[in-house]
Amino acid sequence: IAYGYDHSLIALGFTPPSSQTYTFMLVVVEVTCLIAFNFAGLYTMKRGTSRVDEFIKVCSATSVGVVLGLAVNAFALGSGGFVFSRQLLLAGWGMAIFLVTVERSLYTGLIGTLRRRGAMTERALIIGTGLPARTVIETVRRSPHLGYRVVAEGIETQAAADALRH
């Protein structure tokens, strides 16, 4: 898509690089984004994360990955006199954030649906009998998309400690 968009800028005086240069640039940006996503913790999907928090993590990790990719590309290709198109960079950055956010939303929705149907559930042991324990139990039961199944509740702390020892 970016390559096609870039060719539409030729009429404005932009000289596109060769397809080999684009391929190199793409590989560099992909690798730096993968590294940034790993450091941002985007490869571990946490249960109950809000969409806003998820979007902010995607924006920051994508931005870091793209900026690092630009730095590596500028260092590697800078001596050839290649000038980066700002429109192309902004369009690619925005599109990457949009597509990654949509993909993660679809994936999270699919996992939530599977968990509601009983797949991929985790067993939960709720320790305590007070208000905090009841609040946790109610929250878990109201949120089947989180994939927790309460196996025991209202256990006193000493009884739970004894059960864990055996």
Side-chain angles (χ1 to χ4, degrees), residues 1-126 135-136 139-150:
I1 294 173
Y3 191 76
Y5 175 71
D6 186 39
H7 282 291
S8 69
L9 296 175
I10 292 174
L12 301 175
F14 177 73
T15 305
S18 67
S19 61
Q20 292 86 7
T21 302
Y22 263 122
T23 303
F24 175 78
M25 291 171 60
L26 179 65
V27 168
V28 167
V29 171
E30 287 293 325
V31 168
T32 56
C33 281
L34 290 172
I35 292 169
F37 280 26
N38 186 40
F39 280 113
L42 288 174
Y43 292 121
T44 54
M45 303 286 280
K46 295 188 174 47
R47 298 170 193 241
T49 304
S50 76
R51 292 178 194 253
V52 173
D53 290 341
E54 192 76 23
F55 179 72
I56 289 170
K57 281 177 75 171
V58 167
C59 285
S60 63
T62 302
S63 298
V64 167
V66 168
V67 168
L68 287 175
L70 286 175
V72 171
N73 281 325
F75 181 73
L77 303 173
S79 62
F82 176 70
V83 178
F84 295 101
S85 164
R86 286 174 288 186
Q87 292 174 333
L88 184 62
L89 294 173
L90 288 175
W93 173 74
M95 193 181 320
I97 288 173
F98 173 75
L99 292 174
V100 170
T101 302
V102 167
E103 180 272 331
R104 289 180 72 86
S105 293
L106 291 173
Y107 181 76
T108 302
L110 175 67
I111 295 299
T113 301
L114 290 173
R115 287 179 178 154
R116 270 188 219 95
R117 294 183 179 174
M120 302 168 49
T121 58
E122 297 283 334
R123 295 179 298 165
L125 170 66
I126 310 297
T135 304
V136 169
T139 302
V140 167
R141 290 204 172 129
R142 271 193 325 242
S143 306
H145 64 280
L146 295 178
Y148 292 114
R149 182 173 51 92
V150 177

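For Ser50, the side chain to side chain donor-acceptor pair (under 3.5 Å) criterion is met by Asp53, not counting sequence neighbours. For Thr135, the side chain to side chain contact (heavy atoms under 4.5 Å, CB included) partners are Leu131, Thr139, not counting sequence neighbours. With sequence neighbours excluded, the residues satisfying side chain to side chain contact (heavy atoms under 4.5 Å, CB included) with Arg117 are Thr113. Remark: Leu146 pairs with Arg47, Ser143, Tyr148 by the side chain to side chain contact (heavy atoms under 4.5 Å, CB included) rule, at least two apart or across chains. Scanning for side chain to side chain contact (heavy atoms under 4.5 Å, CB included) contacts around Leu26 gives Glu30, with sequence neighbours left out.
Nearest approach of Ala36 to Ala61, heavy atoms of both residues: CB-O, 3.4 Å. Considering all non-hydrogen atoms of both residues, Gly41 and Lys57 come closest at O-NZ, 3.8 Å.
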Sequence neighbours left out, cut at 3.5 Å: what donor-acceptor pairs do the side chains of residues 92-111 make with other protein atoms?
unit_1	atom_1	unit_2	atom_2	d
Trp93	NE1	Ser63	OG	3.0
Thr101	OG1	Ile97	O	2.7
Arg104	NE	Glu54	OE2	2.4
Arg104	NH1	Leu42	O	2.7
Arg104	NH2	Leu42	O	3.2
Arg104	NH2	Glu54	OE2	2.4
Ser105	OG	Thr101	O	3.0
Thr108	OG1	Arg104	O	2.8

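Residue-environment remark: CZ (Arg116) exceeds the threshold of 12 foreign heavy atoms within 6.0 Å. Around atom CZ of Phe37, more than 12 heavy atoms belonging to other residues, nucleotides or ligands sit under 6.0 Å away.
For the atom pair CZ of Phe39 and OG of Ser60, the computed distance is 14.0 Å after rounding to the nearest 0.5 Å. Taken from CZ in Arg115 to CD in Glu122, the straight-line distance is 8.0 Å, to the nearest 0.5 Å.
Asn38 places no side-chain N or O within 3.5 Å of a backbone atom of Leu34 that could act as its donor or acceptor partner.
Of the residues listed (Val28, Val27, Thr21), the one engaging Met25 in a side-chain contact (heavy atoms from CB on, under 4.5 Å) is Thr21, and it is the only one.
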